[in-house]
Amino acid sequence: MPSYWLMKSEPDECSIDDLARLPNQTVPWTGVRNYQARNFMRDAMRVGDGVLFYHSSCAQPGIAGLAEVASAPYPDPTQFDPASRYHDPKASPEAPRWWLVDVRLVRKTRLLCLKDMRERPELADLLVLKPANRLSITPVTPDQWRRVLTALESIA
DNA sequence: GCCAACGTTGGC
DNA sequence: GCCAACGTTGGC
């Protein structure tokens, strides 16, 4: 029984189209520096879990595609790289702080934009729509997942 | 660029 | 362990 997730990506960093151009259409989900979001990747995700690929911090925020968890968790290599903006001086390969998974594109969808999401009462319980939610990774229930897919079909 | 929310840090 | 200051997120 797979679980489901919503994962935010800034299109300036990695958009759904960028993901589609990557080898195997797979990206390591680097740069998460929030413990709750890390714990989801490190402790709860399984290969094959469904992912709603969400564009954030951009002109048109919203769900831009479907993806899936494509690896077991492993330490985020950027935490060890002094040149990286995600470098963490308190982390070491012996004691990593930050973990990630690879995420693989399933398919790009029509953009289900934030405004549309808010206008659909059946999506109102999505954590990402809760006031002041800033978590970059949020769990999605199987029922919510079905309702999002239905909403995506209706705009296709 | 603004600003509200909220997680993290660090002095005590 | 408290809590004020600070930094970040992210929609607008």
Side-chain angles (χ1 to χ4, degrees), chain A residues 3-22 27-45 49-69 73-141 144-145 147-152 154-156:
Chain A
S3 300
Y4 301 97
W5 309 93
L6 181 143
M7 300 177 78
K8 296 179 184 174
S9 183
E10 300 186 13
D12 287 350
E13 296 279 322
C14 180
S15 70
I16 195 83
D17 292 324
D18 295 333
L19 178 58
R21 283 190 290 266
L22 288 169
V27 65
W29 208 262
T30 55
V32 169
R33 294 295 180 265
N34 169 283
Y35 288 103
Q36 235 185 311
R38 177 205 68 179
N39 292 348
F40 287 140
M41 291 197 285
R42 189 190 62 181
D43 306 332
M45 287 188 181
D49 280 0
V51 172
L52 301 171
F53 192 100
Y54 182 93
H55 282 172
S56 72
S57 291
C58 59
Q60 283 273 27
I63 294 168
L66 303 178
E68 65 184 8
V69 175
Y74 61 98
D76 180 344
T78 63
Q79 70 191 305
F80 310 129
D81 177 3
S84 168
R85 59 182 281 219
Y86 299 121
H87 178 236
D88 183 346
K90 294 179 180 169
S92 68
E94 295 73 34
R97 268 195 176 188
W98 306 109
W99 298 70
L100 52 66
V101 297
D102 292 345
V103 171
R104 182 186 304 121
L105 180 67
V106 172
R107 64 183 168 89
K108 183 180 175 179
T109 62
R110 291 277 291 274
L111 184 76
L112 179 56
C113 70
L114 182 58
K115 180 168 173 294
D116 289 351
M117 293 170 71
R118 291 199 191 285
E119 283 171 358
R120 292 172 180 270
E122 77 273 19
L123 299 184
D125 61 343
L126 282 176
L127 289 180
V128 74
L129 299 183
K130 299 292 181 188
N133 169 71
R134 298 181 310 158
L135 256 192
S136 65
I137 299 176
T138 48
V140 172
T141 69
Q144 289 170 338
W145 175 265
R147 284 181 263 134
V148 169
L149 291 199
T150 302
L152 284 168
S154 75
I155 60 167

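So that the names make sense, note that chain A is the first sequence line, chain B the second, and so on, each numbered from 1.
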What's the spacing between A:L135 CG and A:K130 NZ if we round to 0.5 Å?
14.0 Å

Are A:W5 and A:F40 close enough that their ring centres sit under 6.0 Å apart?
yes

Quick one: ring pair (Phe, Tyr, Trp, His ring centres under 6.0 Å) partners of A:Y35, sequence neighbours excluded?
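Applying ring pair (Phe, Tyr, Trp, His ring centres under 6.0 Å) to A:Y35 gives A:W98.
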
Go through the structure and list residues passing ring pair (Phe, Tyr, Trp, His ring centres under 6.0 Å) with A:Y54, not counting sequence neighbours.
none

Do the side chains of A:E13 and A:K8 get close enough for a salt bridge, i.e. N-O under 4.0 angstrom?
no

Contact letters for nucleotides 1-11 of chain B, in which S counts primed atoms plus P, OP1 and OP2 and B counts the base, heavy atoms under 4.0 Å
----BBSS-S-

